[in-house]
Amino acid sequence: MNQFNLSYPSEIKSESKLIEDVTWIMIKEGITTDKIKRVLLVLTEIFNNALIHGNNCDINKQITVLLIVKPDEVRADISDEGENGPQKIRIRPQLDPESIGGRGIDLIEHFAESVSYVELESGGLKVSVVIKLEYEKKVIKQ
Amino acid sequence: MNITKNEMEQVTVFTLNGRLDLASGGDLKDAVKSFMSTDKNMIHLNLEEVDFINSSGLGVLVSIMKEVRLQKGRLTLSNLATYVQEIFEITQLSHIFEIYEDEEEALRSYHILSMV
């Protein structure tokens with residue numbers, strides 16, 4: 001098991017930096033490309049929520065990522081410095097199929113083994129996720 | 001992301017290469033929207049070389065679809081990788097977009113429709 005601590009300013013180009021860093025870590029840990037994509041998908045969804053909804057793209061606010069890589073799974077805690085707790089996620093409205101946004105949570109919950117949301121004492125949100133590396137395709141709700 | 005454009009008689013094909021995400025989505029949106037007009041409103045996107053897409057990228061595609069609709073045009077997609085196709089199904093976007101197996105099949109549909 002290897003643990004990595006990453007931190008990014010809240011700006012759009014940080015998403016690319018996260019992707020590069022996580023890809024490098026996964027390759028170094030011997031994880032294959034197809035598995036890396038699913039890990040990246042889940043992590044970028046959580047990261048972008050933290051960036052946009054948590055930290056409001058305030059470059060002075062950080063997003064921290066704790067990544068734990070095991071042979072069969074990846075665990076991550078992604079925390080922002082915002083003021084929007086988990087309530088907004090729990091009460092999110094039904095998605096209009098033609099809306100521009102709002103699909104991130106569904107993708108996270110589909111590809112992750114588990115996901116939990118905790119409000120930090122500082123007011124920010126910590127999202128903890130477990131992603132199994134051996135992926136079994138789930139039934140897609142219609 | 002690299003975007004190449006090929007203007008044909010009935011349709012303009014944008015071939016995408018790379019990631020379609022928050023950072024790159026804006027480039028695609030700008031490239032397509034700045035090109036479109038009421039007489040250039042048939043757009044095909046070839047996603048064969050798109051090796052990563054997330055919900056931000058999907059949002060850009062929806063935004064383009066709405067713009068095409070506003071211009072009374074048509075938007076088609078093709079060559080979705082298995083992983084990308086799955087993401088479309090999970091998010092129900094496979095019901096919203098007109099998706100073809102390959103570019104040739106998509107372009108044939110434009111040719112056929114133009115003959116009607």
Side-chain angles (χ1 to χ4, degrees), chain A residues 8-23 26 32-53 55 57 63 92 94-112 135-142, chain B residues 1-3 16-30 32-33 45 47-71 73-75 77 80-99:
Chain A
Y8 303 92
S10 297
E11 54 181 349
I12 287 175
K13 62 183 181 184
S14 288
E15 183 203 36
S16 298
K17 191 71 180 63
L18 172 77
I19 290 172
E20 285 162 21
D21 291 344
V22 172
T23 302
M26 297 288 120
T32 56
T33 311
D34 58 326
K35 293 171 185 169
I36 291 173
K37 281 184 194 171
R38 281 184 281 105
V39 171
L40 286 177
L41 175 62
V42 174
L43 296 185
T44 58
E45 295 297 346
I46 300 169
F47 184 88
N48 289 342
N49 280 340
L51 171 66
I52 295 166
H53 303 298
N55 289 351
C57 297
I63 302 167
R92 60 198 171 104
Q94 182 83 9
L95 182 67
D96 168 7
E98 294 196 4
S99 70
I100 303 291
R103 296 179 179 83
I105 302 290
D106 290 333
L107 288 171
I108 294 165
E109 294 184 350
H110 182 90
F111 285 107
Y135 171 63
E136 209 175 287
K137 192 171 174 180
K138 292 180 190 172
V139 171
I140 295 168
K141 295 176 232 177
Q142 295 297 325
Chain B
M1 149 158 294
N2 289 319
I3 303 164
L16 315 182
N17 187 318
R19 296 196 304 257
L20 186 49
D21 55 20
L22 182 66
S24 64
D27 295 339
L28 174 61
K29 191 158 67 173
D30 290 344
V32 175
K33 285 187 175 181
L45 302 179
L47 274 63
E48 186 171 21
E49 300 299 322
V50 171
D51 56 12
F52 177 81
I53 188 169
N54 61 14
S55 67
S56 301
L58 295 177
V60 166
L61 295 178
V62 172
S63 167
I64 291 171
M65 181 192 71
K66 290 184 167 190
E67 183 64 29
V68 166
R69 197 182 283 164
L70 216 61
Q71 301 287 355
R74 185 178 169 218
L75 174 69
L77 311 180
L80 272 59
T82 308
Y83 140 88
V84 174
Q85 180 70 42
E86 189 182 358
I87 289 168
F88 270 70
E89 287 168 10
I90 293 161
T91 55
Q92 314 277 321
L93 288 177
S94 49
H95 303 306
I96 306 294
F97 286 96
E98 205 180 335
I99 300 171

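Sequence lines set the chain letters: A, B, ... in the order given, protein chains first and strands last, and positions in each chain run from 1.
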Passing option when B:Phe52 is tested against A:Leu40, A:Thr23, A:Ile36 for side-chain contact (heavy atoms from CB on, under 4.5 Å): A:Leu40
Is the shortest side-chain heavy-atom distance between [X] and [Y] below 4.5 Å?
X	Y	result
B:Asn54	A:Leu107	no
A:Phe111	B:Ile90	yes
A:Thr33	B:Asp51	no
A:Arg103	B:Val62	yes

Distance, nearest 0.5 Å, that separates CD of A:Glu45 from CG of B:Asp21: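 Taking CD in A:Glu45 and CG in B:Asp21, the distance rounds to 10.0 Å.
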Atom pair OG/CD1 of B:Ser56 and A:Ile52 - distance to nearest 0.5 Å: 5.5 Å
Largest heavy-atom contact set with chain A, pairs under 4.5 Å, which of B:Leu61, B:Ile96, B:Ile53, B:Leu58: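 Sorted descending by pairs with chain A, the first entry is B:Ile96.
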A:Lys35 atom NZ: more than 12 heavy-atom contacts under 6.0 Å: yes
Residue-level interface, residues 10-18 of chain A with chain B, non-hydrogen cut-off under 4.5 Å: A:Ile12, A:Glu15, A:Ser16
Pair A:Glu98 + B:Arg69: basic N to acidic O under 4.0 Å: yes
